[in-house]
Protein chains: 2
Amino acid sequence: MKLSAKGQYGVRAMVVLALNYRAGPMPIKEIAARENISSQYLEQIFLELRRADLISSVRGARGGYILARDPQEIKIGDIVRVLEGPIAPVDCVLEGSEEVCERTGDCLTRGVWEKLRDRITEVLDDISLEDMISTRKVSG
Amino acid sequence: MKLSAKGQYGVRAMVVLALNYRAGPMPIKEIAARENISSQYLEQIFLELRRADLISSVRGARGGYILARDPQEIKIGDIVRVLEGPIAPVDCVLEGSEEVCERTGDCLTRGVWEKLRDRITEVLDDISLEDMISTRKVSG
DNA sequence: TTTTATGTTTAGTAAATTAGTCGGGTTTTT
DNA sequence: AAAAACCCGACTAATTTACTAAACATAAAA
């Protein structure tokens, strides 16, 4: 039930981009230094985020990365799904796919995992980057 | 954000014990066969669950395992914590410990993870084994 | 136009974790 | 005594994680 370092790094880096939004592209090295992340590892993360159209890149000198859209349009869930895959506590309740295991029908555990998945999704899809940078404390 | 196989196996095995509650001890091999789990791996899992006082064992011929208390007294969260450790999407918001990272105060991501941890905890601590075996569908 | 700053991409890899297996115990009941 | 069950430590193969290396492509500035 843990987010991987990759997911955490991704969210932190996206928050930095959100803080820098409208100030032009920000080079990966600057973000990596600020957040104490290996810049080469962050490159790989940004590659995935770019392919998912959450950020866009500007090449060449004075280039860097920018959010692909406004901070309030990007939810934490969007970032997590790109970097960690579909949200689901167990594989048999993967979001999107209606795939089920052979024991469906008499599977007594499925209900809990679905409920858990839905609550996790609710939280992650409710909070945007804008929310994170505009409030010091997200109401519990 | 996935439960490990160990955690899933543990919950499934505990559900079987709940179904068998009051019918005397149930041998590990029977549970393992029924749930398609390696019985030697299940032994390791049961060892942890027993040490955590969630189940108790009866040795000798016709022995086996029984829930240590009533099914409604055992929450899914209890099982998950034993097998997966404290519930937390990221280490800096581990439940119980007030441990914080060096960036506390100006950490913008912390709030989301706390909220997420609390929602996960709510779900897992709300559902008991009794709930799982008495309802086919847990209301979403 | 050369230099340099930056992003792009593929490949590799060491450490950790996971998900078990193996092989023997010991204990208790029949 | 024998059978049925639990107890336990060591080992391991596969997978995942978290990077590193290195070369290349592109764009801007000098």
Side-chain angles (χ1 to χ4, degrees), chain A residues 1-13 17 20 23-68 80 82-86 89-91, chain B residues 1-13 16-17 20 23-68 80 82-85 89-91:
Chain A
M1 296 300 302
K2 285 262 167 55
L3 217 69
S4 69
K6 190 181 182 179
Q8 291 181 54
Y9 289 170
V11 171
R12 279 163 52 194
L17 286 183
N20 199 61
M26 197 173 189
I28 224 168
K29 277 189 184 166
E30 199 176 327
I31 305 167
R34 181 168 165 162
E35 291 294 320
N36 254 298
I37 302 170
S38 142
S39 63
Q40 284 182 310
Y41 191 34
L42 194 53
E43 269 179 25
Q44 289 177 44
I45 293 170
F46 272 17
L47 180 64
E48 292 183 59
L49 293 172
R50 188 176 60 82
R51 284 182 175 153
D53 277 323
L54 292 184
I55 58 180
S56 48
S57 58
V58 179
R59 300 172 80 136
R62 310 210 40 150
Y65 288 94
I66 325 181
L67 291 187
V80 171
V82 169
L83 299 175
E84 310 259 323
V90 304
D91 280 334
Chain B
M1 295 300 303
K2 285 264 166 51
L3 217 69
S4 70
K6 190 180 184 181
Q8 291 181 55
Y9 290 169
V11 171
R12 281 162 52 194
V16 172
L17 287 184
N20 198 63
M26 198 175 191
I28 224 169
K29 277 188 184 167
E30 201 176 325
I31 305 168
R34 181 170 165 160
E35 291 294 322
N36 253 297
I37 302 171
S38 142
S39 62
Q40 285 182 309
Y41 192 33
L42 194 53
E43 266 181 28
Q44 289 177 43
I45 293 170
F46 272 17
L47 181 64
E48 292 183 59
L49 292 171
R50 190 178 59 81
R51 285 184 174 152
D53 277 322
L54 292 184
I55 59 181
S56 49
S57 59
V58 179
R59 302 173 77 135
R62 311 210 37 151
Y65 287 95
I66 325 181
L67 291 186
V80 171
V82 169
L83 299 175
E84 311 258 324
V90 304
D91 280 333

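As the structure is a prediction and not an experimental result, all values here were calculated from the model. Lettering of chains follows the sequences in order, A, B, ..., and the numbering in each one begins at 1. Scope of the values below: all heavy atoms of this structure, side chains included, with no hydrogens, waters or symmetry mates.
- Between B:Arg51 and B:Val82 the shortest side-chain heavy-atom distance does not fall below 4.5 Å.
- Relative to the side chain of B:Tyr41, the nucleotides C:dG20, D:dA22, D:dC19 differ in distance, and C:dG20 lies closest.
- When the C1' atom of D:dT16 is taken as reference, atom NZ of A:Lys2 falls 16 Å away, rounded to whole Å.
- Here B:Arg51 does not reach the OP1 or OP2 of D:dC7: none of its side-chain N or O atoms lies under 4.0 Å away.
- Taking every heavy atom of both residues into account, B:Arg50 and B:Ser56 meet most closely at CG-CA, 4.4 Å.
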**OP:** Assess whether side-chain contact (heavy atoms from CB on, under 4.5 Å) is satisfied between A:Leu83 and A:Leu49, documenting all intermediate values.
**Re:** CA-CA 8 Å; A:Leu83 299 175; A:Leu49 293 172; 4.1 Å; yes

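- The phosphate of C:dA19 has OP1 or OP2 within less than 4.0 Å of a side-chain N or O from B:Ser4.
- Rounded to whole Å, atom C1' of D:dA5 lies 13 Å from atom CD of B:Gln40.
- Within 4.0 Å (heavy atoms only), A:Lys6 reaches sugar-phosphate atoms of the nucleic acid but no base atom.
- Within the nucleic acid shown, A:Phe46 has no heavy atom closer than 4.0 Å to any nucleic acid atom.
- Following rounding to the nearest Å, A:Lys29 (NZ) and C:dT4 (C1') show an atom-to-atom distance of 11 Å.
- Rounded to whole Å, atom C1' of D:dC6 lies 15 Å from atom CD1 of B:Ile45.
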Quick test: give all pairs of protein nitrogen or oxygen and nucleotides 24-30 of chain D nitrogen or oxygen below 3.5 Å, distance rounded to 0.1 Å.
from   : atom 1 : to      : atom 2 : distance (Å)
D:dT26 : O4'    : A:Arg59 : NH2    : 3.4

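- Here the nucleotide nearest the side chain of B:Tyr65, chosen from D:dC8, C:dA19, D:dC7, is D:dC7.
- When side chains are defined from C-beta on, A:Tyr65 does not count as touching A:Pro25, because their heavy atoms never get closer than 4.5 Å.
- If you measure from atom CE of A:Met1 to atom C1' of C:dT17, you get 17 Å, rounded to the nearest angstrom.
- For A:Glu43 against D:dT20, a side-chain-to-base donor-acceptor contact under 3.5 Å is absent.
- Remark: A:Ser57 is in phosphate contact with C:dT8, judged by side-chain N or O atoms under 4.0 Å from OP1 or OP2.
- When all heavy atoms of B:Ile55 and B:Phe46 are compared, the pair lying nearest together is CD1-O, 3.5 Å.
- B:Leu3 contributes atom CG, which lies 5.5 Å from atom CD of B:Gln8 (distance to the nearest 0.5 angstrom).
- At whole-Å resolution of the value, CD1 in B:Ile37 and C1' in C:dT21 are 16 Å apart.
- The two residues B:Met26 and B:Leu17 make their nearest non-hydrogen contact at CB-CD2, 4.1 Å.
- Rounding to whole angstrom units, CD of residue A:Gln44 and C1' of D:dT20 are separated by 9 Å.
- In this structure, A:Gly63 and A:Arg50 both approach DNA chain C, and ranking their closest nucleotides by distance from the 5' end singles out A:Gly63.
- Protein atom CD1 of A:Ile28 is 15 Å distant from nucleotide atom C1' of D:dT20, rounded to whole Å.
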